[in-house]
Amino acid sequence: MSLNNIESLSPVPSGSLEILEIRNIDNNSEEKIKLSLVIPTYNESKNIPTIIQKLTQLLDSRIPQQYELIIVDDNSPDKTWEVALDLMPIYPQLRVMRRTEEKGLSTAVIRGWQVAKGEVIGVIDADLQHPPETLLNLWEKIEQGADLAIGSRHVEGGGVSDWSATRRFLSRGAQTLGLVILPGVIGRISDPMSGYFLVRRRCLFGCTLSPLGYKILIEVLGRGKIGLIGEVGYIFQERQEGESKVTKQQYIDYIRHLIRLRLSLWQINRFIRFGVVGLSGVFVDMTFLYLLSDPSTLALPLTRSKIIAAELAIINNFLWNDAWTFKDISQKQPGKRQKIKRFIKFNLVCLAGLILNVLLLNFFFNVFGLNRYLANLLAIAFVTIWNYWLNLKLSWRSTEIN
Ligand code: GDD
Ligand code: MN
């Protein structure tokens, strides 16, 4: 292998695992790339020549020069990357990335997508367990308008070749677990375990995909903006060369992955922030309630005092929420008018909350005879949850349609 060859390696992106818009590609010098297919590899030197030959033949018949095959190898001990580099002169659409720092299937796929130029990006295993011919059916789904085209073992024409009862059971069990934890995500497709799919890049713009686990399709579905989905049946072939890299750890990672995605879709972090801001509001509210209503200070009537204290807390909370809790959304709606609109909505939601708050405060104070501050605290806790949901749905609603 010549030195020249090594220089043909694609650069390895570092930093965040975000999928960005395609950088301005010089349209004159390059044919526009429609499809970028990533092939993650670890010790697949024996499979690489065959899969590249087959994929090239298929894609040349359909979209000649408008595709690229990107091998992402994790510095395999069997020198898969070197074998791949040697193939480059024969296959002009082939690109090779050799990673020495990062490891793992998911990040390999994402790094490949980050250097990809295609409007459609995808992934296929290198070991020929995914039949290459199915790719053209997947491409057809995309051409028919699908955002995501998935090779599935569980639709017509799909299946597994020679799996033991245990492996079938584990695979189905994993899918059922996924359905329980993430019904809205896993429930959309028949084979969420698939690692054979194509997706429109624009559906993933701005999404940072999590590197955890093996099942990147779940990330794409959970975090991407995926409309139409097409599924194509395929038979999961037996491995002829090399070995599977699946270990017990992958099952554990899968469960962690589901839980993480669940929490992230529930926006738990956001709620915690909202709660922290809410606490600062409690402080403002309590302080003014004391200053205005306590018999030792101004001794104003309780309800009137509460309304003033609460409005000051609302202003405090809005400023913090806009700058911190919902920063990602307010940044996308930066205008003054939009901010005022958010403030008015926030106020209305909180005003409704305030009425509820006053009712609850009076109820706890007068009916249950609780201490006024404890009563106020309880009322605020109820109203925080009410406020969070309504504000999420109204005030800081991202205008994009999912
Ligand atoms: N770069 C890189 N780094 N590639 C990897 C790594 C890694 O750490 N681990 C595995 N791969 C590559 C393999 O070389 C192969 O091309 C592909 O990823 C799948 O790995 P296998 O070890 O063959 O997995 P499998 O046969 O159990 O396949 C299962 O997982 C696939 C990926 O999600 C099945 O569920 C498939 O349907 C699925 O596509
Ligand atoms: Mn495999």
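Excluded from the calculations below are hydrogen atoms, water molecules and symmetry mates; all remaining heavy atoms, backbone and side chain alike, are included. Atoms within a ligand are numbered from 1 in the order they appear, just like the ligands themselves.
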Of all the heavy-atom pairs spanning [X] and [Y], show the shortest one and how long it is.
X    : Y    : result
S36  : I70  : CB-CD1, 4.3 Å
D125 : H130 : N-ND1, 3.0 Å
A309 : F288 : CB-CB, 3.7 Å
V160 : I235 : C-CG2, 4.2 Å

Looking at [Y] and [X], is any side-chain nitrogen of the basic one under 4.0 Å from a carboxylate oxygen of the acidic one?
X    : Y    : result
R111 : E101 : no
K103 : D74  : no
R99  : D73  : no
R62  : E143 : yes
R201 : E119 : no

(message) Go through it in stages, so that I can follow the logic: the residues are R262 and H257, the test is side chain to side chain donor-acceptor pair (under 3.5 Å), and I'd like the CA-CA distance, side-chain angles, deciding distance and then a yes or no.
(response) CA-CA 8 Å; R262 173 72 284 169; H257 187 185; over 6 Å; no
Determine, using heavy atoms of [X] and all atoms of ligand 1, whether some pair is separated by less than 4.0 Å.
X    : result
H130 : yes
M193 : yes
R239 : yes

(message) salt bridge (charged side-chain N to carboxylate O under 4.0 Å, His left out), that's the test. Do E44 and K245 meet it? Break it down for me.
(response) CA-CA 11 Å; E44 304 286 2; K245 283 92 207 168; 3.0 Å; yes
(message) If I take atom CD from residue Q267 and atom CG from residue D328, how far apart are they, to the nearest 0.5 angstrom?
(response) 7.5 Å
(request) Specify whether an N/O/S atom of S244 falls short of 2.8 Å from the Mn ion (ligand 2). (result)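 No N, O or S atom of S244 is closer than 2.8 Å to the Mn ion (ligand 2), so no.
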(request) Flag Y42 as yes when one of its N or O atoms lies below 3.5 Å from any N or O atom of ligand 1, and as no otherwise. (result)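 Yes; at least one N/O pair falls below 3.5 Å.
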(message) Can you confirm, on distance only, whether ligand 1 has an N/O atom lying under 3.5 Å from any N/O atom belonging to A108?
(response)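 So ligand 1 has no N or O lying under 3.5 Å from an N or O of A108.
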With a cut-off of 4.0 Å, which atoms of ligand 1 are near a heavy atom of [X]?
X    : value
S244 : 22 (O), 27 (O)
D127 : 23 (O), 26 (O)
F236 : 26 (O), 28 (O), 34 (C), 36 (C), 37 (O)
Y234 : 37 (O)
R167 : 27 (O)
P40  : 4 (N), 12 (C), 13 (C), 14 (O), 15 (C), 16 (O), 18 (O)
K215 : 29 (C), 30 (O), 33 (O), 34 (C), 35 (O)

Starting from [atom], what is the nearest protein heavy atom, named by residue and atom, and what distance separates them?
atom                    : value
atom 3 (N) of ligand 1  : D74 OD2, 2.7 Å
atom 26 (O) of ligand 1 : Q129 OE1, 2.7 Å
atom 27 (O) of ligand 1 : V246 CG2, 2.9 Å
atom 22 (O) of ligand 1 : K245 N, 2.6 Å
atom 2 (C) of ligand 1  : T41 O, 3.3 Å
atom 8 (O) of ligand 1  : G104 CA, 3.3 Å
atom 28 (O) of ligand 1 : D125 OD2, 3.7 Å
atom 24 (O) of ligand 1 : Y214 OH, 3.4 Å

(request) Quick one: do W396 and F318 satisfy ring pair (Phe, Tyr, Trp, His ring centres under 6.0 Å)? Show the steps, please. (result) CA-CA 11 Å; W396 283 278; F318 175 77; 5.7 Å; yes
So which bit of [X] gets within less than 4.0 Å of ligand 1, heavy atoms only: side chain, backbone, both or neither?
X    : value
R111 : neither
E44  : side chain
V72  : backbone
W81  : neither

(request) Determine which of the N, O or S atoms in D127 is closest to the Mn ion (ligand 2) and give its atom name. (result) OD2
(message) Going by the closest heavy atom to atom 32 (C) of ligand 1, which one wins out of V109, T80, L217, L105?
(response) L105
(request) Determine whether the side chains of T100 and N75 contain a donor N or O and an acceptor N or O closer than 3.5 Å. (result) no
(request) Could you check C207, P211, S106, S210 and say which one makes a side chain to side chain contact (heavy atoms under 4.5 Å, CB included) with L17? (result) P211
(request) Look at the aromatic rings of F363 and F368 and report parallel, tilted or perpendicular, splitting at 30° and 60°. (result)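 Perpendicular.
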